[in-house]
Amino acid sequence: MRFLFFLGAVLMSSSAAQAAPKWTLVIHGGAGVIERERLTHEQDKEIRKALDQALEAGSRVLGQGGSSLDAVEAAVKVLEDDPNFNAGRGAVFTYEGRNELDAAIMDGRTRAAGAVARATRTRNPVSLARAVMEKSPHVFLSAEGADQFSIEQGLPQVDPSWFSTPERKRQLDEMKAKKVGWYDVDLKYGTVGAVAVDGNGHVAAATSTGGLTGKRWGRIGDSPVIGAGTYADDRACAISATGAGEYFIRLGVAHEICARVRLKGETPKQAADAVLAELGTLGGTGGVIVTGPGGNADWSFNTPGMYRAKATSDGVKKIAIYGDEG
Ligand code: ASP
């Protein structure tokens, strides 16, 4: 009897070891002129804590055998709710003083994708993008239509004032008063994103943003544009970008990186570095996070810093802000 009990315990522990999913998660909270002298000690600490919480949310999903799709959504939701980042709560203002939110999500297993632009009332735009992917026949919804679809899907709604913070309002006022460019008021992009590979080797990507301070005329950036700021393909990699959206759209950055991996046999890091270098020659700045199905996760950016973090099932955990942190 005792022997049988022992045998059972051994079998159970070995099958648990077999079932332990191998996963990787990478997240970002924007790139830009992020240097030590520009952040206070408190800001530095707060950002790292927020990245850690998002990493934890996504890691929990993956550690329990959940999908990469669920993990990237969970991680991005945490960053959307955090006013430190330009997504969801804390999004930048349009020229007219509104918050118009863009988001996308993509499943590398099927290359199903969903995206929204200029949403104004959904608390977590990334979840609205996911609803577009799963509950509509479309890939990309915008403005009033996106808001209407969100209500019909029963997603949590908030008053538009939920997204607004005094600091973002101040940045808009400064931009208008000094007549400076959208980049000059904050010197960084605060878009958030996540890429992951789960225990079944499937990759997924999600990105969420308020866009650029003072954006006008219904401007939409790269974040929700599938192939520009967001892409996932199990045959190659998953990408989420942040930076000067117009350049990322022109180069089709996320798809271009995946295409290089798939067709040229480059590693995700090599492909990301090559495409970011090309972006730089055109005058574009920003960064990407990337992972292949094998878990070879990395980042690449041509700005002084990037809010970024990585966790794996092997216990790797890295949270970084400045360029010299590796
Ligand atoms: N890429 C975003 C956009 O152009 C901005 C950002 O990364 O913060 O809308």
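Whatever order the structure lists them in is the order used to number ligands and atoms, beginning at 1.
Of all the heavy atoms of A31, none lies under 4.0 Å from any atom of ligand 1, so neither backbone nor side chain is involved.
Ligand 1 lies less than 4.0 angstrom from a heavy atom belonging to S223. Not a single heavy atom of G30 sits less than 4.0 Å from an atom of ligand 1.
Here is the list of ligand 1 atoms found below 4.0 Å of a heavy atom in T242: 6 (C), 7 (O), 8 (O). The D222 neighbourhood of ligand 1 comprises atoms 1 (N), 2 (C), 3 (C), 4 (O), with distances under 4.0 Å to a heavy atom of that residue. Near G190, the atoms of ligand 1 lying under 4.0 angstrom from a non-hydrogen atom of the residue are 8 (O). Listed by number with element, the atoms of ligand 1 under 4.0 angstrom from any heavy atom of G211 are 5 (C), 9 (O). Near G221, the atoms of ligand 1 lying under 4.0 angstrom from a non-hydrogen atom of the residue are 9 (O).
Residues D82 and N84 bring a donor and an acceptor atom of their side chains to less than 3.5 Å of each other. A donor and an acceptor atom, one from each side chain of H202 and S67, are nowhere located under 3.5 Å apart.
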(request) Determine, step by step, whether D147 and R118 satisfy the salt bridge (charged side-chain N to carboxylate O under 4.0 Å, His left out) criterion, reporting the C-alpha distance in whole Å, the side-chain angles of both residues, the deciding distance to 0.1 Å, and the verdict. (result) CA-CA 9 Å; D147 285 345; R118 306 184 61 217; over 6 Å; no
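With a 6.0 Å radius and a threshold of 12 heavy atoms from other residues, nucleotides or ligands, E152 has its CD atom above the threshold. The environment of NZ in K318 is crowded: more than 12 heavy-atom neighbours from other residues, nucleotides or ligands sit within 6.0 Å. Remark: K317 NZ is packed, more than 12 non-hydrogen atoms of other residues, nucleotides or ligands lying under 6.0 Å away.
Counting protein heavy atoms only, atom 6 (C) of ligand 1 is closest to T191 OG1, 2.6 Å. The protein heavy-atom contact nearest to atom 4 (O) of ligand 1 is R219 NH2, 2.8 Å.
Applying the side-chain hydrogen bond (donor to acceptor under 3.5 Å, both in side chains) criterion to T242, with sequence neighbours excluded, gives no partner residue.
Figure legend: R216 and Y95 shown as a cation-pi pair, the cationic atom lying under 6.0 angstrom from the six-membered ring centre and within 45 degrees of its axis.
Ranked by closest heavy atom to atom 2 (C) of ligand 1, the top entry among G243, G29, G245 is G243.
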